[in-house]
Protein chains: 2
Amino acid sequence: MRTISPPVGLPALNETDLVGQVARRLTEAIVQGRLPPGSKVVEAGIARELGVSRAPVREAARLLEQQGLLVANPRRGFFVRQFAADDIDEIYDLRLCVERHAAVLAARNLTAETRDMLRRQIDVLHETADLDDPARQVEEDYRFHRLICEIAGNRRMLRLFDDLASELRMVIGLIGRLYDDPHEIARTHEPVLAAIEAGHPERIVAHVDYHIGHAWREVGRLVREIPPWPAAAK
Amino acid sequence: MRTISPPVGLPALNETDLVGQVARRLTEAIVQGRLPPGSKVVEAGIARELGVSRAPVREAARLLEQQGLLVANPRRGFFVRQFAADDIDEIYDLRLCVERHAAVLAARNLTAETRDMLRRQIDVLHETADLDDPARQVEEDYRFHRLICEIAGNRRMLRLFDDLASELRMVIGLIGRLYDDPHEIARTHEPVLAAIEAGHPERIVAHVDYHIGHAWREVGRLVREIPPWPAAAK
DNA sequence: CAAGTCTAAACTGTCGACAGTCGGCGATTA
DNA sequence: TAATCGCCGACTGTCGACAGTTTAGACTTG
């Protein structure tokens with residue numbers, strides 16, 4: 001009913017929940033770097049391109065703002081978030097703090113079923129490692145960590161993890177390559193799971209620290225290496 | 001219309017920010033129990049009552065949803081959040097996890113200036129304790145804890161704290177009374193600050209645990225005592 | 001009298017329009 | 001030539017309207 005031929009690219013949206021769809025599309029565009037950090041997100045432009053009105057776009061933008069992908073300047077509009085090295089530090093610092101706790105709680109709640117889910121996810125990580133698909137690899141990585149948060153059983157913690165992950169997805173997506181050998185990444189999950197299965201809090205914390213600390217250092221290094229983001233167009 | 005070059009100072013408050021104002025009004029109404037948990041928030045109703053259109057109300061509602069004061073049911077509207085005992089546990093569990101870390105970081109960053117700010121805030125807590133104004137007391141309490149997060153220097157951690165605090169404000173506002181003697185509350189902040197000044201991580205964690213754990217137990221007890229919220233009208 | 005059905009009112013999701021604001025660019029002035 | 005002013009276009013904030021969906025209530029039926 002709407003949709004009078006979007007000028008460029010993207011096929012129009014039709015299903016219900018436009019906000020969600022617009023949010024997903026925007027997220028894609030940002031993570032893929034089509035909307036580079038610092039660039040302005042013009043409501044009307046996105047709306048026209050997707051064949052919807054500005055209202056859903058606005059709400060979607062608010063959503064992405066909350067997720068940390070956009071920043072809003074009153075009366076000036078939304079801009080794609082720009083990350084600096086200290087953002088990486090903040091994200092990983094918080095992530096470490098939370099995931100340590102999550103892993104300990106997960107160990108406490110672990111059942112045969114949830115344990116198997118974690119094991120299976122590590123298998124998936126190994127399988128994915130052969131695909132040479134960084135985005136996918138990162139996704140499966142997060143799925144493992146997310147599982148731990150789920151098993152921990154604190155919904156707010158899970159949401160926090162999702163928010164942090166969404167920021168990291170963007171950073172890593174923009175970096176464009178993985179910070180390490182995929183198989184190596186997959187392997188370093190194993191001692192974490194082992195510690196959780198053993199249920200020894202100190203060992204859990206130690207292994208989570210090692211695992212996440214590793215990623216922290218590597219991502220931090222890459223961000224510092226390629227500091228001026230791809231193209232802060234417009 | 002716009003202020004022509006404000007000489008010095010800071011008058012330029014965006015009073016044209018309807019969304020912010022609506023959000024504040026809504027928050028007030030919720031915390032004061034005028035919009036009881038479970039009740040429906042009708043966009044048009046709020047809009048008419050505040051003399052604005054539905055658009056700003058919608059955006060404000062999304063904001064409160066992110067803060068955890070409202071829940072959105074697609075096609076059904078927004079409802080005032082209902083808290084159960086396990087929500088309290090989730091909030092405090094996360095809060096404890098984060099504030100432990102924040103306090104340790106704050107100790108690391110502590111300067112004479114920030115230390116004085118913390119001391120002064122404890123004084124304020126004592127002064128406020130005589131006012132018999134629970135809401136105010138809670139506010140000053142959070143200001144102390146918020147300061148610690150600020151000093152810790154992780155913006156994302158600060159935002160997380162603010163979100164959790166906003167949920168707790170609502171819960172405690174609805175409980176309608178404090179969970180303890182205000183002076184007692186004020187006093188229990190002192191060992192936390194002392195530990196931070198001493199800069200001894202284990203002691204910091206121990207005292208934060210004690211302090212927040214106390215609030216956790218007390219709030220949890222009250223919530224369990226008065227479980228069916230005031231009036232889930234409409 | 002309980003359960004189910006149908007209808008009307010109430011609301012949400014979405015849209016297009018309009019006014020005010022912001023930023024850029026060229027003209028103006030020293 | 002550099003700095004300032006003012007205008008113009010572009011964009012955001014807000015509004016009222018409309019269509020489709022949900023809800024409440026009257027009405028029917030077993």
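Here is how names work: the chains are called A, B, and so on, in the same order as the sequence lines, proteins then strands, and each is numbered from 1.
For DNA chain C, the residues of residues 51-61 of chain B within the heavy-atom distance limit of 4.0 Å (strictly under) are B:Arg54, B:Arg58, sorted by number. For DNA chain D, no neighbouring residue in residues 63-73 of chain A is found when judged by any heavy atom under 4.0 Å.
Rounded to an integer number of Å, the gap from CG of A:Asp17 to P of D:dG20 is 18 Å. Rounded to whole angstrom, the span from the CZ atom of A:Phe78 across to the C1' atom of D:dC11 amounts to 13 Å. If you measure from atom CD1 of A:Ile46 to atom C1' of D:dA10, you get 15 Å, rounded to the nearest angstrom. As rounded to whole Å, 11 Å separates atom P of C:dC11 from atom CD of B:Glu43. Computed from coordinates, the A:Arg62 CZ to C:dG13 P distance equals 16 Å when rounded to whole Å. The nearest whole Å value for the distance from the CZ atom in B:Arg48 to the C1' atom in C:dC11 is 11 Å. Rounding to whole angstrom units, CZ of residue A:Arg75 and P of C:dC22 are separated by 7 Å.
If you check every strand for non-hydrogen atoms under 4.0 Å, B:Val41 touches sugar and phosphate atoms only.
The listed nucleotides are C:dC11, D:dT14, C:dC15; the one nearest the side chain of B:Leu18 is D:dT14.
Using a 4.0 Å cut-off between a side-chain N of Lys or Arg and a carboxylate O of Asp or Glu, A:Glu49 and A:Arg25 do not qualify as a salt bridge. In this structure, B:Asp89 does not pair ionically with B:Arg95, as no charged nitrogen and carboxylate oxygen lie closer than 4.0 Å.
In terms of heavy-atom proximity, B:Pro182 sits nearest to B:Gln137 at O-NE2, 3.6 Å. For the pair A:Gln82 and A:Asp87, the tightest heavy-atom approach, listed with the atom from each and the gap, is O-OD2, 3.9 Å. The two residues B:Leu125 and B:Phe144 have their closest heavy-atom pair at CD1-CB, 4.4 Å. Taking both residues in full, the closest heavy atoms of A:Cys97 and B:His101 are given as SG-CB, 3.6 Å, listed atom of the first, atom of the second, then distance.
At the phosphate of C:dG23, neither OP1 nor OP2 sits under 4.0 Å from any side-chain N or O atom of A:Lys40. At least one side-chain nitrogen or oxygen of A:Arg76 sits closer than 4.0 Å to the OP1 or OP2 atom of C:dG23.
Annotation: side chain of B:Tyr92 is in contact with side chain of B:Leu168 (closest heavy-atom distance under 4.5 Å). Contact check for B:Met157 versus B:Asp162: no side-chain heavy atoms found under the 4.5 Å cut-off.
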Working for salt bridge (Lys or Arg N to Asp or Glu O under 4.0 Å), residues A:Asp163 and B:Arg156: CA-CA 10 Å; A:Asp163 286 349; B:Arg156 286 160 180 83; over 6 Å; no

